[in-house]
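For reference, the structure is listed below as structure tokens.
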Amino acid sequence: MQKIKLINVAEHAGVSKSTVSQYLNGRFGYMSKATRERINAAVIELNYAPNPIARSLKTNKTKTIGVIVRDITGFYSSRAIRGIDDFCKISEYNVLIYNTDFDANVEARSIEALSQLRIDGLIVASTGQNTDLISEQVKRGLPVVEFQLEHDDAKKNIILSDYRQAAFDATEYLIQLGHKRICFATQVYQDVKSRNERYQGFVEALTMNGISVHEQLILFWHRETGFQQLPQSILELDNAPTVFFAQHLAITIELLKQLNQAHVSVPEDVSVLGFDEVPMAEFFKAPITVVKQDPHRIGMQAAKLLLEIIDGKAPPFQRIMIPCSLVIRESCRKI
């Protein structure tokens, strides 16, 4: 079957190749309605599809961006991807998605692979271990926007939830309920700016209310090994917490599992507040109160900023903060 070329469309419509090219690129304001209709009819009748590679070589744009996430099945990631894709569809951009499973080596290979595919820009939820590689891509002219986590103070384009304010507001809510012994369940936060922001918001709320920070009420969780100590063992301390404030969806889920196995009732025996929405929370015996992020909006904002950078319409190094909301349910009781 003969491949239909631009010249075939031009001859069929009775116009020049450049006129067809202008039409296909949306620059047809000067054309008469009759000319536009002839070209459109020729495209349909001949079933012509423009060659995206040839077009990209001519325009220096592929109309494609890359997206790298740490867990494509995650509640946050899946909604952020939807936001990115929704905005890109409106803007007629294609999206290539790579998943790293939190592996820095996979992330590095993904960055290199997408770069070789001549993407126009990259959105990445970084592991924080490929900073030099990402910086090198930016120096080469690849627009990059990061999201979800900020690892350091380096200048970059990034879209984030307002973690510090969200943690402050959640802690204030718990204090208003009468809780003074709050267990802060977290991943190691000292070397990751976004996690440290949550901790700082937590500490700030305690300090403003004259409540001391107790190191024994900091419960660490690791993705590979789980909790550093069992949550139920913390409830046996003399200074036992009355509430757990979990800083990640996976931490909240593991916490609830551990409490259930130990026959600890929520909120009768201890209250629980989670960071990130819990899927199907309405079906829990005690639906979980959460700090709710807006990953769809973050995805939309990331795509919007990236396309503005691609088009040369954005100032350098934007750090955009998206507010969170506190969704109050039944897992935190007044004491």
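Computed from a predicted model, the values in this text were never measured in an experiment.
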- [ ] Decide yes or no for Leu149 and Arg195: does some side-chain heavy atom of the first lie under 4.5 Å from some side-chain heavy atom of the second?
- [x] yes

Open item on the list: Closer than 3.5 angstrom, by distance alone: can the side chain of Asp311 be matched with the main-chain N or O of Glu308 as a donor-acceptor pair?
Closed with: no

Open item on the list: Can you tell whether the side chains of Arg329 and Glu277 come within less than 4.0 Å, N to carboxylate O?
Closed with: yes

Open item on the list: Once rounded to the nearest 0.5 Å, what's the spacing between atom CD of Gln301 and atom CG of Leu306?
Closed with: 12.5 Å

TODO: In sequence, state the C-alpha distance, the side-chain angles, and the governing distance for Leu160 and Ile320, and then conclude on side-chain contact (heavy atoms from CB on, under 4.5 Å).
DONE: CA-CA 6 Å; Leu160 296 164; Ile320 299 174; over 6 Å; no

Open item on the list: Working note: Leu273 + Leu174, criterion side-chain contact (heavy atoms from CB on, under 4.5 Å); need CA distance, chi angles, decisive distance, verdict.
Closed with: CA-CA 9 Å; Leu273 192 153; Leu174 294 175; 3.8 Å; yes

Task: Student check: side-chain heavy atoms of Thr171 and Phe245 closer than 4.5 Å - done: yes

Open item on the list: As an exercise, state the distance from CZ of Phe168 to OG1 of Thr207, rounded to the nearest 0.5 Å.
Closed with: 10.0 Å

Task: Minimum side-chain heavy-atom gap Ile309-Asn157 below 4.5 Å - done: yes

Open item on the list: Whether Lys156 and Asp152 form a salt bridge (side-chain N of Lys/Arg under 4.0 Å from carboxylate O of Asp/Glu) is what I want to check.
Closed with: yes

TODO: Could you tell me whether Glu92 atom CD has more than 12 heavy atoms of other residues or ligands within 6.0 Å of it?
DONE: no

Task: Approximate separation, where rounding is to 0.5 Å, of Ser271 OG and Leu177 CG - done: 7.5 Å

Open item on the list: Counting neighbours of NZ on Lys180 that are heavy atoms of other residues, nucleotides or ligands and sit closer than 6.0 Å, is the number greater than 12?
Closed with: no

- [ ] Assess the side chains of Gln293 and Ser161: does a donor N or O sit below 3.5 Å from an acceptor N or O?
- [x] yes

TODO: Grab the two heavy atoms, one from Ala166 and one from Val291, that are nearest each other, plus how far apart they are.
DONE: CB-CG1, 3.7 Å

- [ ] Could you verify whether a donor N or O on one side chain and an acceptor N or O on the other, from His296 and Asp86, lie under 3.5 Å apart?
- [x] yes

Task: Ser331 (side chain) donor-acceptor with Thr289 (main chain) under 3.5 angstrom - done: yes

TODO: Identify the heavy atoms of Ala10 and Val20 that sit nearest to each other, and give their distance.
DONE: CA-CG2, 3.6 Å

Open item on the list: Has Ser265 got a side-chain atom pairing as donor or acceptor with Glu268's backbone, closer than 3.5 angstrom?
Closed with: no

Task: Where Ile68 and Ser110 come nearest, the two heavy atoms and their spacing - done: CD1-CB, 3.8 Å

- [ ] Examine distances only and state if a side-chain atom of Asp85 and a backbone atom of Ile81 form a donor-acceptor pair shorter than 3.5 Å.
- [x] no

Open item on the list: Within the structure provided, determine whether Ile65 and Leu96 are in side-chain contact (heavy-atom separation under 4.5 Å).
Closed with: no

Open item on the list: For Lys285, is there an ion pair with Glu330 - N to carboxylate O distance below 4.0 angstrom?
Closed with: no

TODO: Flag the pair Gln137 / Glu112 as yes when at least one side-chain heavy-atom distance between them is below 4.5 Å, and no otherwise.
DONE: yes

TODO: Please answer: with hydrophobic residues joined when any side-chain heavy atoms are less than 4.5 Å apart, are Phe184 and Val188 in the same cluster?
DONE: yes

- [ ] Verify whether one side chain among Asn105 and Gln129 offers a donor that lies under 3.5 Å from an acceptor in the other.
- [x] no

- [ ] Please report the C-alpha distance between Gln232 and Glu236 in whole Å, then the side-chain angles of each, then the deciding distance to 0.1 Å, and finally whether the side-chain contact (heavy atoms from CB on, under 4.5 Å) criterion is met.
- [x] CA-CA 7 Å; Gln232 51 267 41; Glu236 297 172 359; 5.5 Å; no

- [ ] Would you please indicate yes or no on a ring centroid separation below 6.0 angstrom for Phe227 and Phe220?
- [x] no

- [ ] Step through the shown structure and confirm whether more than 12 heavy atoms of other residues, nucleotides or ligands are within 6.0 Å of NE2 on His222.
- [x] yes

TODO: Output the distance between atom CG (Leu259) and atom CG (Leu235), rounded to the nearest 0.5 Å.
DONE: 6.5 Å

Task: Check: Ser115 side chain, Ile111 main-chain N or O, donor-acceptor pair, under 3.5 Å - done: no

Task: Over 12 foreign heavy atoms within 6.0 Å of CZ, Arg36 - done: yes

TODO: Check for a donor-acceptor pair, side chain of Asp101 on one end and backbone N or O of Asp103 on the other, with a separation under 3.5 Å.
DONE: no

Open item on the list: Hydrophobic clustering (ILVMFWY, side-chain heavy atoms < 4.5 Å, transitive) - are Val192 and Val203 grouped together?
Closed with: no

Open item on the list: Would Arg79 pass as a cation-pi partner of Phe75, given that its NZ or CZ must be under 6.0 Å from the six-membered ring centre and within 45 degrees of the axis?
Closed with: yes

Open item on the list: If you define the side chain from C-beta out and look only at heavy atoms, does anything of Lys334 sit under 4.5 Å from His179?
Closed with: no

Task: Heavy-atom side-chain proximity of Ile251 to Phe275 below 4.5 angstrom - done: no

Task: Taking every non-hydrogen atom, the tightest pair across Val69 and Ala125 - done: CA-CB, 4.3 Å

Open item on the list: Whether the Ser18 and Ser21 side chains hold a donor-acceptor pair (N or O, under 3.5 Å, no angle test) is what I'd like checked.
Closed with: no

TODO: Measure across Gln216 and Ile234 and return the closest heavy-atom pair with its distance rounded to 0.1 Å.
DONE: O-CD1, 4.5 Å

Open item on the list: Under 4.5 Å between side-chain heavy atoms, counting indirect links through other Ile/Leu/Val/Met/Phe/Trp/Tyr residues: same cluster for Tyr98 and Val138 or not?
Closed with: yes

Open item on the list: Apply side-chain contact (heavy atoms from CB on, under 4.5 Å) to residues Ile39 and Met31 and explain how you reach the verdict.
Closed with: CA-CA 11 Å; Ile39 296 172; Met31 296 181 197; 4.2 Å; yes

Open item on the list: Looking at Tyr163, is its backbone amide N or carbonyl O close enough to the side chain of Arg198 to form a donor-acceptor pair, meaning the two atoms are under 3.5 Å apart?
Closed with: no

Task: Transitive ILVMFWY side-chain link Ile211 to Tyr173, under 4.5 Å - done: yes

Task: Closest heavy-atom pair and its distance - Leu6, Lys17 - done: CD2-O, 3.8 Å

Open item on the list: Just to verify, which of Thr100, Asn99, Val67 counts as forming a side chain to side chain contact (heavy atoms under 4.5 Å, CB included) with Ile72?
Closed with: Asn99

Open item on the list: Can you tell me if Met208 has over 12 outside heavy atoms packed within less than 6.0 Å of its CE?
Closed with: no

Open item on the list: Check for me, please, whether Leu122 and Val106 land in the same ILVMFWY cluster - side-chain distances under 4.5 Å, paths through other members count.
Closed with: no

Open item on the list: Salt bridge or not between Glu204 and Arg164? Use side-chain N to carboxylate O under 4.0 Å.
Closed with: yes

Task: Any side-chain donor near an acceptor of the partner, Asn130 and Glu107, under 3.5 Å - done: yes

- [ ] Using modelled atom types only, decide if a donor and an acceptor are shared between the side chain of Thr64 and the backbone of Thr62 within a distance under 3.5 Å.
- [x] yes

- [ ] Evaluate the ring planes of His248 and Trp221, with Trp represented by its six-membered ring, and classify them as parallel (under 30°), tilted (30 to 60°) or perpendicular (over 60°).
- [x] parallel

Task: Test item: side-chain donor near acceptor, Glu254 and Gln258, under 3.5 Å - done: yes

Open item on the list: Measuring from atom CG of Leu206 to atom CD1 of Ile175, what distance do you get when rounded to the nearest 0.5 angstrom?
Closed with: 5.0 Å

Task: Lys/Arg N to Asp/Glu carboxylate O, Lys63 vs Asp120, below 4.0 Å - done: no

Task: Within-4.5 Å side-chain heavy-atom neighbours: Arg297 and Pro323 - done: yes

Task: OH-CZ distance between Tyr76 and Arg70, expressed to the nearest 0.5 angstrom - done: 9.0 Å

Open item on the list: Does Asn239 have more than 12 heavy atoms from other residues, nucleotides or ligands lying within 6.0 Å of its CG?
Closed with: yes

